[in-house]
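Step one of this worksheet: look at the structure below.
Proteins come first, then strands; the chains are lettered A, B, ... in the order of their sequence lines, and each starts at number 1.
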Amino acid sequence: MKTFYLTTAIDYANGSPHLGHAYEKVLADVIARSKRLLGSPVRFVTGLDEHGQKVQQGAEAEGIDPIQRCDRVAEEFESMLRLLDISNDDYIRTTQERHKKVVAHLLQELHDRGEIYEAEYQGYYSTRAEQFLQEKDKVNGEWPEIFGEVTQITERNYFFRLSKYRDWLVSHLEENPGFIEPAHRQNQVLEFLKEPLNDLCISRPKDRLNWGIPLPFDTDYVTYVWFDALVNYVSAAGFGDPGFEQLWPADLHVIGKDILAPPHAVYWPIMLKASNLPLPARILAHGWWTSSGAKMSKSTGETVDPLSLAERYGSDPFRYFVMREMKVGNDAEFSLERFESRYRADLGNDLGNLVSRLLHMSATYEEGVTPEVGLNEGPEKKIGLLWESTKEEALKFFLEYQFSQGLERVFSFIRGINKYADERTPWKLAKSEAPEDRQALRTCLGTMIEALRLANALLAPVMPSVHASINDRLGLEPCCSWKEDLSWDHRLSGKKLGEKTILFPRDV
RNA sequence: GCCAGGGUAGCUCAGCUGGUUAGAGCGCCGCACUCAUAACGCGGAGGUCGGCGGUUCAAGUCCGCCCCCUGGUACCA
């Protein structure tokens with residue numbers, strides 16, 4: 001079985017991690033964990049894009065070497081990964097030798113084959129945006145403020161023959177409808193490709209920018225942003241090493257919608273095509289978090305840093321929130337109110353309280369051991385059927401990366417377990433010595449425990465720590481296979497349960 | 001201007017190929033319960049499904065026009 005090779009965009013080493021970075025890593029992580037649970041070997045890579053003018057200037061402003069600054073930012077991002085329980089197998093940095101040699105190798109090959117040529121370029125250059133501007137970038141005849149100071153410069157540069165691949169790319173997109181998800185993004189890219197495509201300037205003269213990978217065929221230049229950054233996906237896969245074919249082509253690139261067109265949907269496929277490398281199977285473009293909530297709280301003097309929520313409430317509630325709230329591909333509004341509502345209602349009241357009441361009843365009525373289930377009557381049949389449909393639908397959604405809808409199904413099942421308790425009323429049965437009541441009580445607790453075990457198995461990719469601690473209380477190892485752990489088989493009968501616990505305290 | 005997506009309960013959204021009283025979660029009100037993190041369960045209020053017109057025995061669901069929001073792109077400048 002081919003290893004499922006999954007990447008996120010690499011973050012730019014100019015600035016600190018925020019909600020957008022965090023969300024993308026969690027999304028990719030949940031996908032990676034799901035694939036593992038389905039039995040697929042997974043290689044999950046994320047990393048840091050460290051070259052470029054802003055990084056160089058930032059370091060100069062601080063009076064330190066760029067690499068020192070990058071080391072510090074890398075530590076910041078990696079500590080975010082740890083905070084969020086991201087299970088990446090690798091962390092690639094574009095300043096690493098393994099990456100630089102691949103960039104140089106690909107550039108040299110393309111140059112040798114005439115895919116890269118030298119030309120004089122005259123244009124308007126924005127230092128702030130680190131790019132040449134077109135006349136069309138002007139607004140009302142002036143350069144917009146976001147570009148900062150704009151100067152006209154003439155210089156020789158190297159260009160990659162992007163334009164000649166346009167028709168090829170259009171037909172590739174037309175023949176592979178699932179290449180970009182959500183589907184409407186693919187249409188946008190096709191729309192983008194209706195316009196003429198310019199060749200891509202891939203160099204910057206060293207006297208203007210020296211913090212970059214030197215062009216192998218002209219060391220007066222360094223490699224410009226995308227030809228450096230995008231290549232991380234193949235260098236992290238070990239391009240040139242024996243194991244490369246086991247990983248490449250990538251199965252999924254997870255990126256933000258802002259870097260879909262043109263970088264990931266145009267430059268990258270063409271770079272690969274020109275290098276005779278196969279294309280990734282799929283690109284998933286997620287949306288953005290909007291934060292008028294943050295503005296509001298700033299005006300009230302209470303600033304909410306989304307990442308501090310993970311520190312305060314724990315990584316899993318944060319992961320649950322972003323996965324539940326964001327419909328993949330759309331934008332979502334972030335607000336503290338919504339976060340707290342999800343935390344209190346879904347996690348505390350529905351799931352946490354279920355764990356709590358169930359462990360408590362089992363301890364007091366059944367000496368903390370999962371009882372044998374002796375009945376299979378209406379209530380049991382109903383919850384059993386609900387599980388079957390939940391399993392089927394939730395898995396389908398998870399496989400389509402629709403985690404919001406999948407989680408909705410899982411929590412609907414969890415509410416079903418609470419309803420089931422009300423139908424059997426074990427607290428009443430426990431007051432009776434009658435054999436039929438004893439049997440109903442044991443059936444009820446055993447059924448609830450089995451149902452909780454199954455719901456918890458589906459939560460594993462989204463809330464790995466909560467999953468582990470619930471399983472621990474149930475006397476189980478963490479779930480490692482959805483093929484084996486999702487069948488209703490009462491495997492816990494007779495097992496010792498753990499102490500009652502409050503998973504999601506109301507006061508944090 | 002053009003392309004795509006969207007406008008459904010106070011909020012966030014489900015509603016496939018048109019078919020009885022339009023659904024869920026949260027919030028709100030009430031009831032019940034007492035195993036539980038004042039939690040769980042039940043019930044209720046609340047929507048002329050953006051607007052107008054059309055097709056049909058029947059439209060949130062199809063067609064036309066219009067308005068508004070989001071993203072992309074062009075032109076004017």
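- The aromatic rings of His18(A) and His21(A) are tilted relative to each other, their planes meeting at an angle between 30° and 60°.
- Ring geometry for Trp387(A) versus Phe413(A): interplanar angle of 30 to 60°, hence tilted.
- Among the protein residues, Leu503(A) comes within range of the nucleic acid bases, having at least one heavy atom under 4.0 Å from a base atom.
- Regarding contacts with the backbone of C40(B), a side-chain N or O of Asn349(A) is found under 4.0 angstrom from either OP1 or OP2.
- In this structure, Arg506(A) reaches the A39(B) phosphate: one of its side-chain N or O atoms is under 4.0 Å from OP1 or OP2.
- In this entry the distance linking CG of Asp350(A) with P of A39(B) reads 12 Å, nearest Å.
- When heavy atoms are screened at a 4.0 angstrom cut-off, Phe504(A) is found touching base atoms of the nucleic acid.
- Proximity of Lys500(A) to the phosphate of U37(B): a side-chain N or O atom is located under 4.0 Å from OP1 or OP2.
- Contact between the side-chain N/O atoms of Lys419(A) and the OP1/OP2 oxygens of C42(B) is found at a separation under 4.0 Å.
- Between His360(A) and the phosphate of C35(B), there is no side-chain N or O to OP1/OP2 separation shorter than 4.0 Å.
- Remark: Arg344(A) is in phosphate contact with G27(B), judged by side-chain N or O atoms under 4.0 Å from OP1 or OP2.
- Rounded to whole Å, atom P of C13(B) lies 6 Å from atom NZ of Lys327(A).
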